[in-house]
Amino acid sequence: MFTLISATPSPYARKVRIALAEKNIPFTLQTEVPWDSTTATPAYNPLEKLPVLILDDGKSAVYESHYILEWLEAKYPDTSLLPDTKDVDKRLFARKIEVVCDGICDALVLAFFEKMREEDRRSQPWIDRQMRKVDGGLKALGQWAENKEGEFLVGDKFGLADIAVGSVCGYLAVRWPDNGWQDTYPALKKHWQMLEERPSFRDTKPSPQTMKDKVV
Ligand SMILES: N[C@@H](CCC(=O)N[C@@H](CS(=O)(=O)O)C(=O)NCC(=O)O)C(=O)O
């Protein structure tokens, strides 16, 4: 059986947890704090990041959330999370939405750790730059949610784009509760709330973690 190294707040890991659940792939969840020296991630991922999907042999590993999802799509095509193969542009659009969602998360992580620095070592211009990317990314998600044709973001089928958007919105709600995106983008908020009703979302709600070691 697969093992997924995950962390309770991780939006990247939540994408994989949701995809595994939606594809009915059984796995063992190994919850860690990747910033602590006790993490197992370096043993499987040279980039020392989670999520990491450890395969049945207990040694081989797949890492980087967008690649794990691509790997799962290739290995388990029956329960696809992408539009039909003939709909090339829709498939590419779904991946573009994931790119924006991952980029928002990347900027949030950078801002989060910059804010952890002592005041005299903290760069406010750096934090402002990251939050500009978050604002720009959310504006794009807000427009896509506003303009979606069906119940889901790409075509009339639940998939990768919904998983990515739901994960970043859930992360913001936990880690950045004062961010006003839910008021600014009501269609995005409504879409996220609909997604959170799915069992795969209900079973993977993010929560804060406690870091033991000093990171920055
Ligand atoms: N691009 C990676 C980003 C993953 C990532 O940044 N993971 C964090 C944990 S979390 O932010 O998702 O909670 C991590 O392991 N960071 C450890 C490190 O950067 O050393 C992905 O998509 O999987």
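One-based numbering, in listed order, for ligands and for the atoms of each. For reference, positions follow the sequence shown, starting with 1. The structure presented is a predicted model; accordingly, all values stated were derived computationally and were not measured.
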Inset, instruction - Please check if the side chain of Lys90 supplies one atom and the backbone of Gly155 the other of a donor-acceptor pair under 3.5 Å. - result: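 Pair absent, no side-chain N/O of Lys90 close to backbone of Gly155.
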So if I count the atoms of ligand 1 from 1 in the order they appear, which ones are less than 4.0 Å from some heavy atom of [X]?
X      : answer
Glu48  : 17 (C), 18 (C), 20 (O)
Pro51  : 23 (O)
Val109 : 11 (O)
Ser10  : 10 (S), 12 (O), 13 (O)

Does any N or O of ligand 1 fall below 3.5 Å from an N or O anywhere on [X], backbone included?
X      : answer
Asp102 : no
Glu64  : yes
Tyr12  : no

Is [X] salt-bridged to [Y], going by a charged N under 4.0 Å from an acidic O?
X      : Y      : answer
Arg14  : Glu196 : yes
Glu149 : Lys157 : no
Arg198 : Glu22  : yes

For [X] and [Y], test the side chains for any donor-to-acceptor distance below 3.5 angstrom and give the result as yes or no.
X      : Y      : answer
Ser65  : Lys15  : yes
Glu48  : Thr41  : no
Gln143 : Asn147 : no
Thr39  : Asp36  : no

Inset, instruction - Please say which of Val215, Val216, Asp213 ends up in a side-chain contact (heavy atoms from CB on, under 4.5 Å) with Trp35. - result: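 Single pass found, and it is Val215.
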Look at [atom] and say which protein heavy atom is nearest, naming residue and atom and giving the distance to 0.1 Å.
atom                    : answer
atom 23 (O) of ligand 1 : Ser65 N, 2.9 Å
atom 19 (O) of ligand 1 : Lys49 CE, 3.4 Å
atom 9 (C) of ligand 1  : Pro34 CG, 3.7 Å
atom 18 (C) of ligand 1 : Trp35 CZ3, 3.4 Å

Inset, instruction - Using a 4.0 Å heavy-atom threshold (strictly under), name the region of Leu50 that reaches ligand 1: side chain, backbone, both or neither. - result: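 Both the backbone and the side chain of Leu50 come within reach of ligand 1.
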Legend entry - Region of Tyr63 that comes within reach of ligand 1 [heavy atoms, distance under 4.0 Å]: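 It is neither; nothing of Tyr63 touches ligand 1.
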Legend entry - Non-hydrogen atom of Tyr67 closer than 4.0 Å to ligand 1: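 Under 4.0 Å: no for Tyr67.
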